[in-house]
Participant: 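Input: one structure, supplied below.
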Amino acid sequence: MSTRTRIDPFTLEIIKNELIAAGDEMFHALQRAAMSPIIYEVLDYAAGLTDARGDLLTQGNGVADFIGALSFGVTHVLDKFGRERLASGDVVILNDPYVGGGTHLSDVALIMPVFHEGELVAFAVDKAHWTEVGGKDPGSWTTDATDVFQEGLQFPGIKLFNAGRPDEGLLELIRANVRTPDATLGDLYACVGALRVGERALHRIFRKFGKETVLHAMQELLGEGERRARLELERLPRGTYEATDFIDDDGVGNGPFEVRVKVTIDDSFLCDFTGTSAQVPGPINCGRTGLHSAVRQAWKALTDPQLPTNEGVFRPVRVVCPPGTIFTADRPSPVSTYWETMQYATDLVWKALAHLAPRRLTAGHFLSVCGTIIHGIHPDDGTPYLLVEPQAGGWGAGAEKDGENGLVCAGDGETYMIPVEICEARYGLRVEQVALDIVDGGAGERRGGRGLVRDYRVTSAWAKVTATFGRHRFPPWGLNGGQQGSPNYLELVHEDGSRTAMGKCARHLLKRGELCRLHTGTGGGYGDPARRIRERVLDDLRCGYITEEQARRDYGLDPAHEPATRALPSEEG
């Protein structure tokens, strides 16, 4: 490419938006074609484009946990194959949790090199949660795995398609090793189709503007992302900031585990996790590339969430952590519920810096994906069903706002819960309650957002529940005098009326008529509760966000002696 290439700012902006649109096309194509609700309803996936070196150019909305994972995957493919062993029409499949942007085996990346006029110019990439990849338990992830071999099929970066031709033997192997072969292969082909959408879009852009211009524009856009990110970095006060927290347990009887970070803001944004617990026997371990993605989430939240998601934006970010920790687990440590730890990495950086940006970073939130699997036999047609979903919960309050109610955790980003109608139709469960969970916790001048309580009644002969609700022992933290939030937990209600409450369970049997009740936490409060405006307390009471007892105890207000509620002042007031 000629160093004399110059692009006027209007053309550069148009190419940038064409690339973003291409990533969005991929994202929506995958959603429309997928067969599993975890993809087409929850949006547990990501899609995007990188340049020929693997630097991320654009990434469609979806799971924030995958920020950076796409570029790490491409870099791994380039390291393994080199450019000379890649051809047009190739698709590489990769889910290695320890390298290449891997998280857990259920998150499968497909990577396609894109050639234009015989030159490798880019990669189209997507990464989606497949409901089934085999392993010892239905749904593949579980809370009591003790090595990665129990968690499903491992794809170490191998060609699924060679020059456009599928590897039929590999497809047959996948079909033979998963419990829902039609859905799994359907999702696979949806992912392949999304890559081809991205490839076609790139060819359209290259034909429209010319190869040399587009390649130069890609580098300009990465440079622009870095410049904007460094401007944000300059606005942050220099210094070193620390945070410590504890992860409840590992699912197999061990814990709690201390995790810590030291954030140094200078010419770079350095996050050092030295001193964190070693990797553990249970499946909450996280791989190193997952740790990088976790830090990138906090970086974007702290600086400017509207910054483009490209590799340039993350160039100021540095991550340090010794090998073999709970954040940098080595093979063959189990990783199937990695999010319980990965979310703590984001939360630690957030906690360390929240006082620097109280109008941008809130108090602690419910944090956990609160992943839930329910499987059984559908009562109408006798076919097996497999529900896999996250839950939504309460976010912490900020300096100028109450916390959000019933929102997915930071790592889930732009995802959703499975709608009630889909749950009842696809799985034969009866959803008897979805409501705000009004519990103690989260009081403050600004109140923490409420979590949810969700009831699943078993209508088939039996169902088995596997779930991991982190932060069930260490609630979300408050900020600037605000109270801590409330824990996450699930409750199993049996036919004799007895109840079992826990943070994690694996394959817990429920019989017809028994209930699985899911509780997600209230976020932490911000500021001294005594400073909360009385009208806001009364409005909380009227809307059902707090009880009369909480109004008296937490805010010193007796509703019986209060006049009629007056109009609330504006947020500026």
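Here the structure is a predicted model, which means the values were calculated and not measured.
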Participant: Run the side chain to side chain contact (heavy atoms under 4.5 Å, CB included) test against Arg512 and tell me which residues pass, sequence neighbours left out.
Facilitator: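 Arg512: side chain to side chain contact (heavy atoms under 4.5 Å, CB included) contacts with Ala461.
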Participant: Please report the interatomic distance CG(Leu70) to OG1(Thr309), rounded to the nearest 0.5 Å.
Facilitator: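 Spacing of CG (Leu70) from OG1 (Thr309) equals 10.0 Å.
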Participant: Between the side chains of Arg552 and Glu549, is the shortest nitrogen-to-carboxylate-oxygen separation below 4.0 Å, so that they form an ion pair?
Facilitator: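 Salt bridge: no.
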Participant: Apply ring pair (Phe, Tyr, Trp, His ring centres under 6.0 Å) to Trp462 and His375, showing your working.
Facilitator: CA-CA 9 Å; Trp462 58 270; His375 78 100; 5.7 Å; yes
Participant: Just wondering, are more than 12 heavy atoms of other shown residues or ligands nearer than 6.0 Å to CZ in Arg553?
Facilitator: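 Enclosed.
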Participant: Do we get Arg260 above Phe273's six-membered ring, with its NZ or CZ under 6.0 Å from the centre and within 45° of the axis?
Facilitator: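 Negative - Arg260 is either too far from the ring of Phe273 or too far off its axis.
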Participant: Is the shortest heavy-atom distance from the side chain of Thr274 to the side chain of Cys321 under 4.5 Å?
Facilitator: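 Side-chain contact under 4.5 Å: no.
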Participant: How about Tyr344 and Phe327: are their ring centres within less than 6.0 Å of each other?
Facilitator: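 No, too far apart.
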Participant: Is the shortest distance from a Lys or Arg side-chain nitrogen in Arg542 or Asp539 to a carboxylate oxygen in the other one below 4.0 Å?
Facilitator: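 A salt bridge is present here (some side-chain N lies under 4.0 Å from a carboxylate O).
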Participant: Which residues pass the side chain to side chain contact (heavy atoms under 4.5 Å, CB included) test with Asp107, not counting sequence neighbours?
Facilitator: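 Counting only residues at least two positions away or on another chain, Asp107 forms a side chain to side chain contact (heavy atoms under 4.5 Å, CB included) with Phe66, Thr103, His104, Lys127, His129, Tyr338.
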Participant: Please confirm whether the backbone N or O of Met35 pairs with a side-chain atom of Asp187, one donor and one acceptor, at under 3.5 Å?
Facilitator: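 Yes.
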Participant: For atom CD of Glu404, is the number of surrounding heavy atoms from other residues, nucleotides or ligands below 6.0 Å larger than 12?
Facilitator: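 Result for CD/Glu404: open.
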Participant: Determine whether the aromatic ring centres of Phe269 and Trp299 lie less than 6.0 Å apart.
Facilitator: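 Phe269 vs Trp299: aromatic centres under 6.0 Å.
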Participant: Got a sec: does the OH of Tyr241 have more than 12 other heavy atoms crowding it under 6.0 Å?
Facilitator: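 Above 12, so yes.
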Participant: Between Glu445 and Arg532, is the closest basic N to carboxylate O distance under 4.0 Å?
Facilitator: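 Judged by the 4.0 Å cut-off on N to carboxylate O distance, Arg532 and Glu445 do not form a salt bridge.
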Participant: What is the distance from atom CG of Leu492 to atom CG of Leu515, rounded to the nearest 0.5 Å?
Facilitator: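 Those atoms lie 8.5 Å apart.
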Participant: In Å and rounded to the nearest 0.5 Å, what is the CZ to CG distance from Arg536 to Asp402?
Facilitator: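 One gets 6.5 Å once the value is rounded to the nearest 0.5 Å.
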Participant: For the side-chain contact (heavy atoms from CB on, under 4.5 Å) test, which of Thr337, Thr466, Val252 pairs with Asp144?
Facilitator: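 By the side-chain contact (heavy atoms from CB on, under 4.5 Å) criterion, Asp144 pairs with just one of Thr337, Thr466, Val252: Val252.
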Participant: More than 12 heavy atoms of other residues, nucleotides or ligands under 6.0 Å from OH of Tyr545: yes or no?
Facilitator: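 No - once you tally the heavy atoms of other residues, nucleotides and ligands closer than 6.0 Å, there are 12 at most.
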Participant: What do you reckon, are the aromatic ring centroids of Tyr489 and His472 less than 6.0 Å apart?
Facilitator: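 Ring centroids of Tyr489 and His472 are no less than 6.0 Å from each other.
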